[in-house]
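To keep things clear, I will list the structure first and then write my remarks on it.
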Amino acid sequence: TERSISTFDFASYHTIEEIYDWMDVLVDDHPNLISKIEIGQSYENRSLYVLKFSTGGSNRPAIWLDTGIHSREWITQATGVWTANKIAEEYGQDPSVTAILDSMDIFFEIIANPDGFVFTHSSNRLWRKTRSVNAGSDCIGVDPNRNWNAGFGGSGSSNDPCSDLYRGPYAHSEREVKAVVDFIQGHGNVKSVISIHSYSQMLLFPYGYKRGPAAHHQELNELAKKAVRDLAAMYGTKYSYGSIANTIYLADGTTVDWAYDNGVKYSFTFELRDTGRYGFLLPSTQIIPTATETWLALLDIMVHVLENPY
Amino acid sequence: ERLFVGDQVLRITARDEEQIALLRVLGERAELQVDFWRDPTSPDHPADLRVPFPSLQAVKIFLESHSISYSIMIEDVQELLDEEKKNMTKSRR
């Protein structure tokens, strides 16, 4: 089989095998820029892969991106694929991307919940959680965005294993979460964490587990404001923005709260399109428009991280 | 494979905090097996609720009896899933 980036259809949804194969092709095509790292394995022993974009240096400041932690949010994995390709294409072409990668690394986990993703393809398209077995319950899985050690165990999460918001038995009980925790802490120089979800068109930042403002609230708010304005410039897609607690609701144990509490100032989470006609079943014709507009906001955040070292 | 034939997704607009509390109660009724795609949070943000076909009557009666306004966002979830699957197969070919 001929393996080529040019035959990959970015405007379609893909299986995990197709995406993992595509990652290898991307790495092969950009050997001096991209490498693939296995940061751990999922509950069902699937590899947790991260694409590392780096032009060299040692332990450079880094940006972490992840998509698909809630497996049914297919637009996010698809946006992840498009975005990773975009970063590769734009290095050496676009001055912003070039400047970022000349001094920082980008780590991109495109399928953050592989077991759940496979399950959405084979058995239940609307599966959200991991696939770990819960002792003493017939119900499977933990919500990996309630499993982080940041206000773990309180509002907006559940202690019922049958709930879609089940937080798990303890913080970082999920391998998929623990692998990221270990990676980011082991790296020690991650400056931004951007976790991508869908849907409802929001750009959010800490905190989710408490209503009080984060220490850098004003800066994060200003940056979010600019990012959603630039995003809207492409197709007019309207995003709201603000802290998780004040924009949606109190939610404990989330990725970006954990990142922020562990010293990553620029912690954001996206809720991508749609306006509510399709929910998690956004037609594939919307993948590229979604990814294209999201790119503008992502780039704003990444450039800000570059220009505001701390 | 789990099918979602006849399941609907309702877009619900709560008027006030009281109605939001009622929606949360609805979500906790395990026998209905409803699934909030967007949770009820504040009157500014509509909630989206997937309702399995067998629970449709009960859920709609609940909403109407409490004067909670809603519209049907997705008429038949399975129809969309079939469409999605068809598109993927076509694209792969």
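Quantities reported herein were computed from a predicted structural model and do not represent experimental measurements. Side chains included, hydrogens not; waters and symmetry mates left out as well; all remaining heavy atoms used.
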Legend entry - Which portion of A:Ser122 sits near chain B, non-hydrogen atoms under 4.5 angstrom: backbone

Legend entry - Minimal non-hydrogen separation, A:Arg72 against B:Phe36, with atom names: NH2-O, 4.0 Å

Inset, instruction - Could you check if a side-chain atom of A:Tyr199 sits within less than 4.5 angstrom of a side-chain atom of B:Arg38, using non-hydrogen atoms only? - result: yes

Legend entry - Side chain, backbone, both or neither of A:Glu18 within contact of chain B (heavy atoms, under 4.5 Å): side chain

Legend entry - Heavy-atom contact with chain A under 4.5 Å, split by part of B:Arg11: side chain

Legend entry - Whether over 12 other heavy atoms sit under 6.0 Å from B:Glu31 CD: yes

Inset, instruction - Find the distance between CG (B:Leu80) and OH (A:Tyr278) and round it off to the nearest 0.5 Å. - result: 7.0 Å

Legend entry - Residue selection (most heavy-atom pairs with chain A, distance under 4.5 Å) from B:Val9, B:Asn87, B:Asp35: B:Asp35

Inset, instruction - Grab the two heavy atoms, one from A:Gly279 and one from B:Met73, that are nearest each other, plus how far apart they are. - result: N-CE, 3.7 Å

Inset, instruction - Count the heavy atoms of every other residue, nucleotide or ligand shown that sit under 6.0 Å from NZ of A:Lys225, and state whether that count exceeds 12. - result: no

Inset, instruction - Hey, could you give me the CG/CZ distance between A:Leu281 and B:Arg50, rounded to the nearest 0.5 Å? - result: 10.0 Å

Inset, instruction - Verify the neighbour count for atom CG of A:Asp138: are there more than 12 heavy atoms of other residues, nucleotides or ligands below 6.0 Å? - result: no

Legend entry - Point-to-point distance, once rounded to the nearest 0.5 Å, from CH2 of B:Trp37 to CG of A:Leu126: 5.0 Å

Inset, instruction - Might you point out which heavy atoms bring B:Met88 and A:Trp74 nearest each other, and give the distance in Å? - result: SD-CZ3, 3.6 Å

Legend entry - Spacing of B:Glu84 atom CD and A:Arg125 atom CZ [to the nearest 0.5 Å]: 4.0 Å

Legend entry - B:Phe53, CZ atom: more than 12 neighbouring heavy atoms under 6.0 Å: no

Inset, instruction - Select one option (side chain, backbone, both, neither) describing which atoms of B:Phe4 are under 4.5 Å from chain A's heavy atoms. - result: side chain

Inset, instruction - Please test B:His45 against A:Met202 for side-chain contact (heavy atoms from CB on, under 4.5 Å), starting from the C-alpha separation and ending with a verdict. - result: CA-CA 11 Å; B:His45 289 105; A:Met202 293 171 178; 3.5 Å; yes

Legend entry - Check against side-chain contact (heavy atoms from CB on, under 4.5 Å), A:Ser123 and B:Glu1: CA-CA 4 Å; A:Ser123 304; B:Glu1 184 179 5; 5.7 Å; no

Legend entry - Gap between atom CZ of B:Arg92 and atom CG of A:Asp9 - 0.5 Å precision: 10.5 Å

Legend entry - Nearest heavy-atom neighbours spanning B:Arg2 and A:Asn124: NH1-ND2, 3.8 Å

Inset, instruction - Calculate, to the nearest 0.5 Å, the distance between atoms CG and CZ belonging to B:Leu81 and A:Phe280 respectively. - result: 12.5 Å

